[in-house]
Engineer: 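For reference, the structure I am asking about is given below.
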Amino acid sequence: MSIYDVVIIGAGIIGTTLARELSRYRLRVLVLEKEYDVSMGATKANSAIVHGGYAESRATLKGKLCYPGRCQFEQLDRELHFGFDPIGSLVVTMEDAREPLEQLVQQGTDNGVPDLEILDGNTVRAMEPNLNPGVQWALYCKGAGVCSPYEMAIAMAENAVNNGVVLRLEHEVQAISSRGEGFVVQTSGGSFQGRFVVNCAGIYADRVSHMVGAGNFSIHPRSGEYLLFARGTGQGVNSVIFRLPTAMGKGVLVTSTYHGNLMIGPDASDDSPRDDTSTHMERIAAIYQQSRQLYDGMDPKKFLRSFTGIRARSSDNDFHIEESSVPGFFHAAGIQSPGLTAAPAATERLIKLLAKSGLTLEPDPGFNPHREPIITRKELRPFPEVKHLIDMPSAPEKIICRCEQVTEAEIVDSLHRGIRVKALDGVKRRTRASMGWCQGTFCRPRIAEVMEREYGEPVDNRFDIEHSGVSRVTRSDFLEFFQRRQ
Ligand SMILES: Cc1cc2nc3c(=O)[nH]c(=O)nc-3n(C[C@H](O)[C@H](O)[C@H](O)COP(=O)(O)OP(=O)(O)OC[C@H]3O[C@@H](n4cnc5c(N)ncnc54)[C@H](O)[C@@H]3O)c2cc1C
């Protein structure tokens, strides 16, 4: 049985960022992920906001780690090219009362956030012309922004693998036992031995911790649904727009995604089963109505799709980043928002704790922090200019996905980066092919052809079939509901 210095359970943003950070050192690191790809949990479906760092109190780990995490995004994006844009954020209020915003400024200042400013309604409306004219005040955070979260986790994982980390997909951890100075981790794909184990299992982190008898928390999933609109619709909003936070979280926001789609959501419900990512017409309609009170730039005909993310809320509503009661077994659990933003700081904390517990951190001179992008953010070219590229026979410049103008070369590149891409959806998250208006009707058979040619075997459609089994509000459901309402 191979022996690893560190075994990481879960390849979300925490597991992949930790793996990449550990690959700076002369260590044997293994990542075990139960799904067919990295970034399949909360990291795939969230608001994608790089938060300012003012919304949580310093008394919590969430509050302590958010701003230090945010500060690392520019550098990480320069190295890994996953997409980060500091477009700024606004917390707006329709009430003529500055106090709640001043409290957030105070909280942010206590957290070390330097770029907070309260703006009056006129200034805010000049920045955001589509905002409800009733907005009275807003808290502006200049350095907050948006990123592409699954591209970030993919970039982290690719870079980690290229620096020597071993990634095992479709390896579900099923049991863990102590052995000597470490652990034996049993998975659906075999057993592995590790001196240290880090539990980054998202909504299953409590179950994983119980395997080793180390659970001092439970996970209470809270789902959030979203509406995503067509590419280009994000142009009407210049920053991330929030309302004042409530006990249920930061509430429904309006933003452009990194790639220019208008996105609204999430709501919050504690009633769904742990991994239920279906969406529901009544919830989608309620989010739409709430967002319209805030922002008047939505065209329902441009609705593209709905999706759900599941927050891994812990019993005390805070992150658990600690060595557990079982020496050598660490938790990175309860990582709900702002977990994406905090990830770089959360993993720094984990590495310090691992070192304190005896992990030797000898720098690896061969570590390469750089990863080339697969795609970069781009404006789409007019259809007549690209039509000949769609119709041409196989060639690097041939366009495979006409909605997002993704080329054959980009798809081929995504398949040869050290992580076997097992499903069409894996190509989608790496290249945006099939994220456009037709949602893959045109390009999915063409992507399958390229994958089959490159890998020399048919695409295993098991994963895409499982994915398509989730019940979601579609464009036609949404439009029908909307027309009935009018
Ligand atoms: C609706 C919503 C909105 C959010 N918005 C934001 C935001 O705007 N900004 C922000 O900073 N944060 C946001 N967050 C929080 C952020 O998305 C999460 O904190 C972050 O993605 C958590 O990453 P993770 O690696 O801990 O978990 P995950 O991404 O869930 O990864 C856990 C991984 O563990 C794997 N796993 C589970 N059990 C096992 C097992 N037994 N064996 C092997 N593998 C296993 C899973 O398959 C999964 O891949 C939001 C979250 C949600 C749900």
Side-chain angles (χ1 to χ4, degrees), residues 7-19 30-53 55-56 62 65-66 69-70 73 89 144-147 149-150 152-153 156-157 167-176 185-189 197-211 219 221-226 240 242 248-253 255 257 263 265-269 274-275 277 307-314 319-321 331-347:
V7 175
I8 298 169
I9 303 173
I13 196 61
I14 301 293
T16 55
T17 306
L18 177 63
L30 169 69
V31 182
L32 297 169
E33 168 55 52
K34 72 181 172 69
E35 299 292 337
Y36 68 83
D37 200 356
V38 305
S39 190
M40 294 295 286
T43 301
K44 179 175 70 160
N46 57 60
S47 307
I49 310 305
V50 180
H51 286 292
E56 287 84 16
K62 294 191 283 190
L65 297 180
C66 185
R70 171 192 140 190
F73 269 71
S89 69
V146 292
C147 71
Y150 38 85
M152 182 173 172
M156 291 285 179
L167 170 67
R168 292 273 176 268
L169 300 172
E170 291 185 90
H171 278 61
E172 177 172 9
V173 173
Q174 296 171 333
I176 306 170
V185 182
Q186 242 172 279
T187 76
S188 50
V197 174
V198 189
N199 169 15
C200 309
I203 51 167
Y204 293 104
D206 51 352
R207 295 191 184 164
V208 167
S209 73
H210 288 142
M211 291 177 193
I219 297 291
R222 176 174 283 172
S223 71
E225 299 193 8
Y226 289 89
V240 184
F242 297 97
M248 289 297 271
K250 298 185 192 79
V252 167
L253 59 86
T255 188
T257 65
M263 184 170 76
D267 63 354
S269 165
R274 200 175 272 244
D275 53 5
T277 55
F307 66 92
T308 294
I310 311 202
R311 306 164 177 96
R313 194 167 50 96
S314 71
F319 296 169
H320 282 253
I321 300 175
H331 298 304
I335 314 289
Q336 57 170 316
S337 186
L340 181 63
T341 313
T347 51

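Note that the coordinates shown come from a computational prediction; the quantities given were computed from them, not determined experimentally. Remember, it's 1-based here, ligands and their atoms both numbered in the order they're listed. Along the sequence shown, the residues carry numbers beginning at 1. Reckoned from all heavy atoms, side chains included, excluding hydrogens, waters and symmetry mates.
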Engineer: For atom 18 (C) of ligand 1, grab the closest protein heavy atom and report residue, atom and distance to one decimal in Å.
Structural biologist: Ile335 O, 3.3 Å
Engineer: Nearest protein heavy-atom contact for atom 49 (O) of ligand 1: which residue, which atom, what distance?
Structural biologist: Glu33 OE1, 2.7 Å
Engineer: Which of the numbered atoms in ligand 1 are under 4.0 angstrom from any heavy atom belonging to Cys200?
Structural biologist: 32 (C), 33 (C), 34 (O)
Engineer: Roughly how far, to the nearest 0.5 Å, is the OG atom of Ser314 from the NZ atom of Lys62?
Structural biologist: 7.5 Å
Engineer: Of all the non-hydrogen atoms in the protein, which one sits nearest to atom 37 (C) of ligand 1, and at what distance?
Structural biologist: Ala201 O, 3.3 Å
Engineer: Please report the interatomic distance CE(Met156) to CE(Met152), rounded to the nearest 0.5 Å.
Structural biologist: 4.0 Å
Engineer: Counting C-beta onward and ignoring hydrogens, is there a side-chain heavy-atom pair between His51 and Lys250 closer than 4.5 Å?
Structural biologist: yes
Engineer: Determine the sole option in Ile176, Asn199, Val185 for which the side-chain contact (heavy atoms from CB on, under 4.5 Å) test with Met211 is passed.
Structural biologist: Ile176
Engineer: Side chain, backbone, both or neither: which part of Thr187 has a heavy atom under 4.0 Å from ligand 1?
Structural biologist: neither
Engineer: Specify the protein heavy atom at minimum distance from atom 23 (O) of ligand 1: its residue, its atom name, and the distance to 0.1 Å.
Structural biologist: Thr43 OG1, 3.3 Å
Engineer: Near Ile310, which atoms of ligand 1 are under 4.0 Å from a heavy atom of that residue?
Structural biologist: 53 (C)
Engineer: Give the atom numbers and elements of ligand 1 that come within less than 4.0 Å of a heavy atom of Gly202.
Structural biologist: 27 (O), 30 (O), 32 (C)
Engineer: Run the numbers for me: atoms of ligand 1, each under 4.0 Å from some heavy atom of His171, listed by number.
Structural biologist: 43 (C)
Engineer: Among all protein heavy atoms, pick the one closest to atom 24 (P) of ligand 1 and tell me residue, atom and distance.
Structural biologist: Ile14 CG1, 3.8 Å
Engineer: Of the protein's non-hydrogen atoms, which lies at the shortest distance from atom 41 (N) of ligand 1, and what is that distance?
Structural biologist: Val173 O, 3.2 Å
Engineer: As an exercise, identify every atom of ligand 1 less than 4.0 angstrom from a heavy atom of Leu32.
Structural biologist: 43 (C), 44 (N)
Engineer: Distance to 0.1 Å, residue and atom name: give those for the protein heavy atom nearest to atom 7 (C) of ligand 1.
Structural biologist: His51 NE2, 3.4 Å
